[in-house]
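Here's the structure, in structure tokens; my notes come after.
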Amino acid sequence: MLQQTPVVRVLPVWHEWLKRWPTPAGLAGEPAGEAVRSWGRLGYPRRALRLHAAATAIVQDHGGRVPDTHAELLALPGVGSYTAAAVAAFAYGRRETVVDTNIRRVHARLVSGVALPAPALTAAEMRLAAALLPDDDETSVRWNAAVMELGALVCTARAPKCAACPVKDSCAWLAAGEPPPSYVPKGQAWHGTDRQVRGAVLAVLRLADSPVPPDMFEREPADLGFAPEGIGVPLAALHRLNSAPEQLERALAGLLADGLAEMHDGGYRLPA
DNA sequence: GACGCGTGGGG
DNA sequence: TCCCCAAGCGT
């Protein structure tokens, strides 16, 4: 849930999930579509699909207990090098090289003296983080948490609070006079993209309690002649996008291909 | 290595 | 209002 998503937005959903599914077996026992629906508006809904798949793998291959080694965690769906390291470190107290966006930024400034880390994680960054990591398990866990928090609360991406920084005196970036970034991060396009249409379609499917016929997506709301139970609002939002027919086609096909939707009785629904 | 993938709070 | 960007991953 925390992958690319702020903690404050995750917390309420996370509480809800743990109440409903306290164990991997609980989640694995439900249809994948329930995970997607309960994901709500956290974003990147395929994470929900992968979390469900991970729960299934944990039940099948690990006796229902979340594995505690980086290699085993890495083999789970949706778990990459960061998540594997974070779980092994913070849940199991292991010494792991945790490198998230916060740690990358802190290292970039404090050690490398540049405003921003490289666009993508590099081998050099991993080596640096590994070299800085304290030797014993307990201290390394505290180190990882501390550097992450420093990046999240003080050494922020925009308007870093350098005056309040506990290590400002040893910051290479400050010492260099706060040089600007050497490149301009390109933002993700949103308006008019397939992605936006996908999101709007999925918002409809999350609220639908029966398969949604293709007509519902393709036609103007006024032409439908009736308001489908519960999905009127997201359906109106989808039509307001005024997307090209082929764009809607791609969105629907993409959702099917990704397993986020399936056909049933001639309509689209979340996977059962 | 580059790209596609959601959403919403804050500057 | 617009834009940035947030505990990344898989292809």
Side-chain angles (χ1 to χ4, degrees), chain A residues 1-14 36-37 39-54 57 70 73-91 96-108 115-126 129 141 143-153 155-161 181 183-206 234 237-238 241 247 250-261:
Chain A
M1 288 176 177
L2 290 166
Q3 291 165 2
Q4 296 275 278
T5 306
V7 181
V8 287
R9 201 178 312 159
V10 164
L11 278 176
V13 182
W14 178 72
V36 175
R37 178 170 285 116
W39 198 251
R41 303 186 64 80
L42 273 187
Y44 292 136
R46 44 191 190 190
R47 291 182 298 168
L49 219 48
R50 292 181 181 138
L51 186 48
H52 179 269
H70 189 277
L73 287 161
L74 191 58
L76 297 172
V79 177
S81 66
Y82 159 72
T83 304
V87 171
F90 301 131
E96 300 285 343
T97 305
V98 178
V99 180
D100 79 323
T101 187
N102 293 300
I103 291 179
R104 294 186 63 210
R105 189 174 53 249
V106 170
H107 288 171
L116 294 175
L121 179 60
T122 65
E125 287 180 84
M126 286 301 294
V141 170
W143 173 269
N144 282 324
V147 180
M148 280 180 77
E149 289 301 293
L150 183 64
L153 302 178
C155 195
T156 51
R158 279 180 302 177
K161 302 165 180 63
Y183 69 99
V184 182
K186 58 174 182 181
Q188 299 172 337
W190 176 246
H191 291 286
T193 62
D194 289 2
R195 206 170 168 182
Q196 187 183 28
V197 180
R198 275 176 64 117
V201 169
L202 206 57
V204 174
L205 296 187
R206 273 198 303 267
L238 172 62
L241 295 180
Q247 192 171 32
R250 284 197 301 272
L252 288 168
L255 289 174
L256 290 178
D258 288 350
L260 282 166

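These numbers were taken from a predicted model, which means no experiment stands behind them. Here is the naming used below: chain letters follow the sequence lines, and residue numbers restart at 1 for every chain.
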Could you state the [atom1]-[atom2] distance from [X] to [N], rounded to the nearest angstrom?
{"X": "A:Leu51", "N": "C:dG10", "atom1": "CG", "atom2": "C1'", "answer": "16 Å"}
{"X": "A:Leu121", "N": "B:dA2", "atom1": "CG", "atom2": "C1'", "answer": "15 Å"}
{"X": "A:Leu73", "N": "C:dG8", "atom1": "CG", "atom2": "P", "answer": "17 Å"}
{"X": "A:Tyr82", "N": "C:dG10", "atom1": "OH", "atom2": "C1'", "answer": "18 Å"}

>> Can a donor-acceptor pair be found, under 3.5 Å and without considering hydrogens, that links the side chain of A:Trp39 to the backbone of A:Gly43?
In response: yes

> Hey, does the side chain of A:Arg104 reach the backbone of A:Ala118 with a donor-acceptor pair shorter than 3.5 angstrom?
Replying inline: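 Such a contact is found between A:Arg104 side chain and A:Ala118 backbone.
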
> Can you name the closest pair of heavy atoms from A:Leu73 and A:Ala84 and give their distance?
Replying inline: CD1-O, 3.4 Å

> Which heavy atom of A:Asp258 sits nearest a heavy atom of A:Leu49, and at what distance?
Replying inline: O-CD2, 3.2 Å

>> I'd like to compare against my own output: the B/S/- annotation of nucleotides 4-11 of chain B with a strict under-4.0 Å heavy-atom distance to protein.
In response: BBBBBBB-

[N] phosphate, OP1 or OP2, under 4.0 Å from [X] side-chain N/O:
{"X": "A:Lys186", "N": "B:dC3", "result": "yes"}
{"X": "A:Ser81", "N": "C:dG8", "result": "no"}
{"X": "A:Thr83", "N": "C:dG8", "result": "no"}

>> Does A:Arg104 reach a base, just sugar-phosphate, or nothing at all? Heavy atoms under 4.0 Å.
In response: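 The residue A:Arg104 makes no contact with any strand.
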
>> Using the rule side-chain contact (heavy atoms from CB on, under 4.5 Å), only one of A:Leu11, A:Val7, A:Leu42 pairs with A:Met1; which is it?
In response: A:Leu42

> Mapping A:Val79 and A:Ala157 onto DNA chain C by nearest heavy atom, which one lands closer to the 5' end?
Replying inline: A:Ala157

>> On DNA chain C, compare the nucleotides closest to A:Val7 and A:Leu76; which residue's is nearer the 5' end?
In response: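 That would be A:Val7.
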
>> Could you tell me how far C:dT11 sits from B:dG6 if I compare only their P atoms? Round to whole Å.
In response: 15 Å

> What pairs with A:Arg250 under salt bridge (Lys or Arg N to Asp or Glu O under 4.0 Å), at least two apart in sequence or on another chain?
Replying inline: A:Asp194

>> Could you walk me through whether A:Tyr82 and A:Thr101 satisfy the side-chain contact (heavy atoms from CB on, under 4.5 Å) test, starting with their C-alpha distance in whole Å, then the side-chain angles of each, then the deciding distance to 0.1 Å, before giving a yes or no?
In response: CA-CA 10 Å; A:Tyr82 159 72; A:Thr101 187; over 6 Å; no

